[in-house]
Amino acid sequence: MEKIPESLEQKIAFLPEDPGVYLWKDKEGNIIYVGKAQVLKHRIRSYLTGSHDIKTEALVKHIADLDYIITNSAHEAFLLEATLIKLHKPKYNINLKDDKRYPFVRITLNEPFPRAFVTRDLVKDGSRYFGPYTESRYLRSTMRNLEWILPLRTCSRIIPADEIKYKRACINYQLGKCSAPCIGKISVKEYAKIVKRALAFFSGKYQEVADEIRAEMLAYSEDMRFEEAAKARDRLLAIDRVQKRQTVVYTDDRSADILGIYIEESVGVCVVLRMQSGAIVNSESYLMSNVEGSSEEKVLATFLQLYYSVRDELPSEIMLPLEPEGFEELNQWLEGRLTLPQRGERSRLLAMAKGNAFHLVEEKKLAHMRRAHRTIQPIQELKEKLNLPKLPRKMVCMDISTIQGTDTVSSAVFFENGKPRKKCYRHFIIRSIDGQDDYASLQETLTRFLDEVKKDEAMLPDLFVIDGGKGQLAACMEVLKSSEYPDIPIISIAKRVEEVFVPDQSESIILARSSTSLRLLINIRDEAHRFAISFHRARRSKRTLVSQLEDIPGIGKQTKFLLLKELGSVDKIAEASLKELMEIKGIGKKTATRIREYFDNIEDQSDLS
């Protein structure tokens, strides 16, 4: 690495021999890596000696500063590392790629009448959380079923245990989706039974909930309370619908997470199949970032650390496809729940999880290819239709903007692979002509853009596009042939029927209205027009702004600058009093009086008229 800054050398010289977490920073002070260590002194110094893998070498090159936090134990360091990675998302740490927080179901057990709702915020207030759910469709379906099976309230009303505060319930009560504790329709004790069932429901103990509801249904029938019995029957049917959508693997009551991992180049995915009561109830997938050059063992270890640090409850078993880095430490943290099945039904479940991860990586790659195809297709079509020598990946389109020959400006916009590349946009004030002459204006624009190309060869296009017809094309051809780049293809596109003209061909080319190549040409032509118009308006606005000030005798450029800097507009200058004008640094009484008299005369003339 480069020479270590003196401040960093001093920190490294006095490193403690305690467990903790270290944070490497770059020269801007950004945290670029978070790590844990049993002995901070040894771990941190290891970065600055010996050889490293490619990823660590890249990290070491950018190290400029260091912070560390001493913890009471290696276990505390382990937990703190996961928290800091999630908080800072350092550049060189493996991380969950989506920075969004996945939703959880929250049941507010800290209230007399708990609520059930979806949230992305985990608040440690005694509530129970179930999730996360990466599939929002599955979560919506689960919540819809819960409303009919277990009518918990979802409102934000504050309902005390011993007082009826409200006179009317909301529409959910009328629909049968809430038991209306707000108007005293249910006691705390009876409501607690529903909450208990909800907790069992989200824990996957559907059969337990179904058995209780079935017993209630039979009791209602015996008492001839047929309406309540029918409601209980409908709840049983809803539970049955939930169970039918699940793959039953075991007939016992076990819960487990089955993990799969697949990495290819820079794309990595971890999948969690969640099994509850012997049935797979959910599949979660997580895209991982910064996995290139990292082993599956390291990525899996990081995923376990990040994923289970936010889980309220752990399954009875966590099945892994391979042994992660720091297996013993992870297993101790997860209370001995990690297993490495090698044969039988459990190994087939791991194969299923890996198959899901592989499929998601392939899907990700195919999506990227489809996006690339959408970009490249119009370019390929343009090459074929216009018989161009090569793919026009880099295209420049030029346009002119003027009003009756005044303030003539031009634009040159740059598209690469069908997308705007705005840092290569250029606009020009036309200086070589007086009055309106589109041909000469385009010639000056092309000449000046080619001068820009000489400064930066990356701006050399594969195709020039001119907004106009045969005349504009011929004028630009003259410039191109006499330049250092006579072989660059050039075409023009006319607005009337969107016809394309090419050199040495009398007939225009008509591209199909539905073709992607024509849409690309129209896009770049319209972008050039927009860019030219915007620049022209800005020029005209600026000229109008200062023109009035130029009519005031004795007002020069410096005075105009001071006035506009302080007051911002001609209107504000016209409204300013003599005293306000004199308060501007650099404006004396004589000049202020002259300005005030000028605008007073204008007001008098407008009153007379």
Side-chain angles (χ1 to χ4, degrees), residues 101 103-133 136 138-242 312-313:
R101 289 169 292 175
F104 290 77
V105 172
R106 178 183 177 187
I107 299 180
T108 57
L109 298 180
N110 57 334
E111 296 178 315
F113 296 98
R115 296 172 290 146
F117 56 92
V118 176
T119 182
R120 293 180 189 271
D121 299 315
L122 300 180
V123 182
K124 300 295 182 182
D125 62 352
S127 297
R128 278 283 298 278
Y129 294 89
F130 297 92
Y133 293 88
S136 58
Y138 174 82
L139 178 57
R140 285 196 299 271
S141 171
T142 301
M143 293 305 288
R144 277 197 300 269
N145 283 314
L146 181 72
E147 288 173 342
W148 301 110
I149 299 168
L150 303 163
L152 290 175
R153 72 186 186 99
T154 57
C155 66
S156 57
R157 284 179 167 180
I158 298 171
I159 306 173
D162 53 358
E163 180 187 352
I164 298 173
K165 288 184 63 176
Y166 301 93
K167 294 181 179 179
R168 294 179 62 187
C170 66
I171 194 169
N172 280 348
Y173 170 62
Q174 297 170 33
L175 294 172
K177 294 160 67 175
C178 177
S179 47
C182 56
I183 57 171
K185 290 290 183 180
I186 189 170
S187 68
V188 173
K189 186 177 178 180
E190 287 299 312
Y191 194 87
K193 287 183 184 178
I194 300 176
V195 173
K196 183 183 175 184
R197 288 175 185 173
L199 296 175
F201 179 88
F202 280 108
S203 299
K205 298 175 183 177
Y206 305 122
Q207 196 56 49
E208 180 184 308
V209 177
D211 289 344
E212 287 185 13
I213 294 174
R214 187 175 289 107
E216 280 184 358
M217 180 182 71
L218 294 172
Y220 289 142
S221 296
E222 288 176 7
D223 292 344
M224 295 187 180
R225 294 161 63 185
F226 298 117
E227 190 175 337
E228 286 94 334
K231 287 179 181 178
R233 180 205 59 205
D234 292 342
R235 287 169 187 155
L236 282 172
L237 291 172
I239 292 174
D240 188 51
R241 283 196 299 272
V242 172
D312 270 358
E313 288 188 353

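In this text, all values refer to a predicted model and were calculated from it rather than measured experimentally. Sequential numbering from 1 along the given sequence is applied to the chain's residues.
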Any carboxylate oxygen within less than 4.0 angstrom of a Lys/Arg side-chain nitrogen, looking at Glu216 and Arg197? yes
What is the distance from atom [atom1] of [X] to atom [atom2] of [Y], rounded to the nearest 0.5 Å?
{"X": "Arg214", "Y": "Arg233", "atom1": "CZ", "atom2": "CZ", "answer": "13.5 Å"}
{"X": "Ile158", "Y": "Cys182", "atom1": "CD1", "atom2": "SG", "answer": "13.0 Å"}
{"X": "Asp223", "Y": "Leu218", "atom1": "CG", "atom2": "CG", "answer": "11.0 Å"}

Does Tyr173, at its OH atom, have more than 12 non-hydrogen atoms belonging to other residues, nucleotides or ligands within less than 6.0 Å? no
Is Glu227 atom CD crowded by more than 12 heavy atoms from other residues, nucleotides or ligands, each under 6.0 Å away? no
What are the two closest non-hydrogen atoms of [X] and [Y], and how far apart are they?
{"X": "Ile186", "Y": "Phe113", "value": "O-CE2, 3.9 Å"}
{"X": "Lys185", "Y": "Ser179", "value": "CB-O, 3.5 Å"}
{"X": "Arg157", "Y": "Arg168", "value": "NH1-O, 3.0 Å"}
{"X": "Pro181", "Y": "Arg153", "value": "CG-CD, 3.9 Å"}
{"X": "Ser221", "Y": "Ala229", "value": "OG-CB, 3.7 Å"}
{"X": "Pro114", "Y": "Leu152", "value": "O-CD2, 4.3 Å"}

Quick one: does any side-chain atom of Thr108 pair with a main-chain N or O of Arg115 as donor and acceptor, under 3.5 Å? yes
Does Ile159 offer a backbone N or O that forms a donor-acceptor pair with the side chain of Tyr166 under 3.5 Å? no
Would you say the side-chain atoms of Ser127 and Arg106 include a donor-acceptor pair closer than 3.5 Å? yes
State, with a plain yes or no, whether a side-chain heavy atom of [X] is found less than 4.5 Å away from one of [Y].
{"X": "Glu228", "Y": "Lys231", "value": "no"}
{"X": "Phe201", "Y": "Leu150", "value": "yes"}
{"X": "Leu236", "Y": "Met217", "value": "yes"}

Leu199 and Arg128: CA distance, side-chain angles, deciding distance, side-chain contact (heavy atoms from CB on, under 4.5 Å) verdict: CA-CA 8 Å; Leu199 296 175; Arg128 278 283 298 278; 4.2 Å; yes
Would you kindly check if the NZ (Lys) or CZ (Arg) of Arg120 is within the cone defined by 45 degrees around the ring axis of Phe104 and under 6.0 Å from the six-membered ring centre? no
